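To find a chain, count down the sequence lines: A is the first, B the second, and so on, and within it residues start at 1. Values below: all heavy atoms of this structure, side chains included; hydrogens, waters and symmetry mates excluded. Everything quoted here is computed from the prediction, not taken from an experiment.
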There are 2 protein chains.
Amino acid sequence: MPRAKTTYDRLQDTALSLFEEYGYDNVTVEQIASAAGVSHMTFFRHFPTKDSVVVSDPYDPLIAEAVSLQPQYLSALERVRRGLIEVSTAMGDSIDGTTRSRIRIGVSHPKLRAAMWENNGVTEDLLASALIESGESEFEARVVVGACLGAAMAALVDWAEDDSGQSLGVRIKRALDFLGWE
Amino acid sequence: MPRAKTTYDRLQDTALSLFEEYGYDNVTVEQIASAAGVSHMTFFRHFPTKDSVVVSDPYDPLIAEAVSLQPQYLSALERVRRGLIEVSTAMGDSIDGTTRSRIRIGVSHPKLRAAMWENNGVTEDLLASALIESGESEFEARVVVGACLGAAMAALVDWAEDDSGQSLGVRIKRALDFLGWE
DNA sequence: GAACTCTATGTTAGTGACTAACATCAACGG
DNA sequence: CCGTTGATGTTAGTCACTAACATAGAGTTC
């Protein structure tokens, strides 16, 4: 028997479908909360901001781990590249509907896109730290990570906006192949 | 005799120095407006958002132009790289105090950083269009531009946070040199 | 010079995201 | 059975931002 949905899940599902139907700007937190059967304060106890229902990235730590596990003899660029490709390929088609919906809504609205970038900043810090710990200079680490995430983000947007069926992993690999090799 | 400051300039100067002194979050639009001797409505007639006092990038069009002027036999990556380096070198030390202050405040606060990224999205679109017009595929254009701007942004942040005197142009060049060559 | 327009500004009264302080209520362990 | 704990509700705020309407001063035209 499926476990009863948590308030968190109910809020997220409700919010996403309202956003898809009416547009992000035309849905208030109040509406989300009452449609999910709670008060608006409960919403904010589960999500710090209205944005965060859409923008939250559970893959950050996975990516950071994958990068730090790459062999040290590779260049920083190459390690980030391979780490990103590994994770995005592994996620593969297992990305669930909620995630897909979140990304699609996220790229469609400037405010949310900005929030995604901000979130990306966290990933950036994580990855850069991983590289720095393994002896890379801070400058090179930040630059390489910035570039790779910039490319990956472009691939993500492309994937969200285009239904041609090519998987996210393949797109990210293609994207990163435009950057320098070993 | 210097021309009298416009309301716009007065608002911007006032806002920036208040932000530097008290922190972005601890200054209300109301305070900025009254310190500049106007009402809060006047503030919003000159700046669409509180963010926008800090985040505005007059260099976008310059960069786009520089990129589209690169010789076509170069790869997309190389054209964006050279365009960015040209402009940032040309700006050189002529960046005025207001701009420097804006960037320093901008990178220091998550909300503003996100707004800078959003703004970056505009640059991204501009550059990508320039490449697409000259025959590049949309995917490659977006990826390459995303990567280069990601790297450049890292250099910008580095420059804003570090007073060692190395110019922005040099840092951006160093950053982009980590990416692939011809 | 009076009427007329244009532009910059002020006033007022909202909406909506988000916070703080405090109350309630049900579950659960002792 | 009582006390604690955790999730929730209520209320009353602050602040960014908007809409509608008023005003005032600098020309411009007749």
Nearest-Å distance for atom pair CG/P, residues B/Asn26 and D/dT14: 16 Å

What is the distance, to the nearest angstrom, from the NZ atom on A/Lys50 to the C1' atom on D/dC17? 14 Å

Cluster overlap B/Val170 with B/Tyr59, hydrophobic side-chain contacts below 4.5 Å: no

Can you tell me which residue pairs pass the ring-ring contact (aromatic ring centres under 6.0 Å, His included) test with a partner in residues 129-159 of chain A, sequence neighbours excluded? none

Looking only at atom types and distance, does a side-chain atom of A/Gln70 sit under 3.5 Å from a main-chain N or O of A/Ala66, one as donor and one as acceptor? yes

Which is the 5'-most and which the 3'-most nucleotide of DNA chain C that has an atom under 4.0 Å from a heavy atom of chain B? C/dT9 to C/dT12

Partner set under side chain to side chain contact (heavy atoms under 4.5 Å, CB included) for A/Leu18, not counting sequence neighbours: A/Thr14, A/Tyr22, A/Val27, A/Ile32, A/Ala35

Side chain to side chain contact (heavy atoms under 4.5 Å, CB included) filter on B/Arg45, not counting sequence neighbours, yields B/Met41, B/Thr42

Out of curiosity, A/Ile63 CD1 to A/Ile85 CD1, how far, rounded to the nearest 0.5 Å? 12.0 Å

Where along residues 29-44 of chain B does a heavy atom come under 4.0 Å from DNA chain D, residue by residue in number order? B/Val29, B/His40, B/Met41, B/Phe44

Taking the nucleotide of DNA chain C with the closest heavy atom to each, which residue, A/Thr28 or A/Arg45, is nearer the 5' end? A/Thr28

Side-chain donor-acceptor distances from residues 151-158 of chain B under 3.5 Å, at least two apart:
residue  : atom : partner  : partner atom : Å
B/Asp158 : OD2  : B/Arg171 : NH1          : 2.8

Answer yes when B/Arg82 and B/Glu78 have at least one side-chain N-carboxylate O distance shorter than 4.0 Å, and no when they do not. yes

